[in-house]
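Since the structure comes first, as structure tokens, the remarks are kept for the end.
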Amino acid sequence: MKDFQANKNPQAESKKATIPPYMKAISGSFGGIVEACCLQPIDVIKTRLQLDRMGNYKGIVHCGATVSSTEGVRALWKGLTPFATHLTLKYALRMGSNAMLQSAFKDSDTGTLSNKARFLSGFGAGVLEALVIVTPFEVVKIRLQQQRGLSRELLKYKGPIHCAHTIIRQEGLFGLWAGAAPTVMRNGTNQAAMFTAKNAFDVVLWKKHEGDGKVLQPWQSMISGFLAGTAGPVCTGPFDVVKTRLMAQSRDGGEVKYKGMVHAIRTIYAEEGLRALWKGLLPRLMRIPPGQAIMWAVADQIIGLYERRYFRSAAL
């Protein structure tokens, strides 16, 4: 763990240095690219399991093996383009907006941020990313992932752009925002917990405070990010299942099975049982905590470079 000499000015020491929101956004976008390339197969398996109402897949390994054998190994990276693009934009918006909200909630005199303010900043960032980026990109991603078959000519959606165009043409613009309500609830809760937990683990495990000049090693960031990413999937499992079901159903045929978030929860519970609301939980736990570990390992290094270069210069 690296450190640099503290600023000797007592007035400057009374407030911790602040990292600009644009740097947080840049660090998040690079972390999102790396995460998407590494973990796309897990996301495809999770989606297939959540959409499996007939019990065709016996588990994670069987699902992955079935997809590979019947559709080819490349099928495990179906939807990578919208997934990588959506993660890059999502993390940029998440990290940047969270930093802006934290700045707004900080005590103007001391520059400190309470745990309540940190939680609200994370929730606000999650809601914003859900409405602006996550919902439309995930609708396209899920429609692509649920398609079965090898022949491009026989598929309804030929690619992400064609998929988005088809949805808008057949279902209207708001078809891209199917499942927005559970997505907002999922992302808001997830990010509120994640930002609060990541900061807590950094402080408890590594005595790292933002702006103090200490730069975590990648393995330290990965441990904090992994632990911070575990609570959300368990708490928000039903929202994620409902989101997937609502996004997957096409409205071009008229009547739809699920009328909304509450109706979907009731229908799934009545037809498939309580455990169905946590379908795909294991692959989510296999994807989200490692994804957060990868993202934070990249983001913390980029932020650390900024701290070493600019905070050190300001201290000299």
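Treat the numbers as computed from the prediction; the structure is a model and nothing was measured.
When the side chain to side chain donor-acceptor pair (under 3.5 Å) test is applied to Ser224, the partners found at least two apart in sequence or on another chain are Asp202, Trp206. Shown here are the side chain to side chain donor-acceptor pair (under 3.5 Å) partners of Ser121, two or more places apart in sequence or in another chain: there are none. Every residue meeting the side chain to side chain donor-acceptor pair (under 3.5 Å) condition with Gln292, not counting sequence neighbours, appears here in chain and number order: Tyr91, Trp296. The salt bridge (charged side-chain N to carboxylate O under 4.0 Å, His left out) test applied to Lys259 returns Glu255, not counting sequence neighbours. Under the salt bridge (charged side-chain N to carboxylate O under 4.0 Å, His left out) criterion, Lys158 pairs with no residue, sequence neighbours left out. Annotation: side chain to side chain donor-acceptor pair (under 3.5 Å) contacts of Thr112 (sequence neighbours excluded): Thr110. Partners of Ile302 by side-chain contact (heavy atoms from CB on, under 4.5 Å), not counting sequence neighbours, listed by chain and number: Met23, Ser27, Phe30, Val298.
The list of salt bridge (Lys or Arg N to Asp or Glu O under 4.0 Å) pairs with a residue in residues 27-42, not counting sequence neighbours, reads Glu35-Arg287. Applying the salt bridge (Lys or Arg N to Asp or Glu O under 4.0 Å) test to every pair with at least one member in residues 176-189, sequence neighbours left out, gives these pairs: Glu138-Arg186, Arg186-Asp240. Each salt bridge (Lys or Arg N to Asp or Glu O under 4.0 Å) pair with one or both residues in residues 117-129, not counting sequence neighbours, appears once here: Arg94-Glu129. Evaluation of the salt bridge (Lys or Arg N to Asp or Glu O under 4.0 Å) test over residues 292-306, restricted to residues two or more places apart or in two chains, returns Lys198-Asp300.
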Donor-acceptor contacts, no H, no angles, side chain residues 226-239, under 3.5 Å, sequence neighbours left out:
residue: Thr230; atom: OG1; partner: Leu227; partner atom: O; Å: 2.8
residue: Thr236; atom: OG1; partner: Gly232; partner atom: O; Å: 2.7

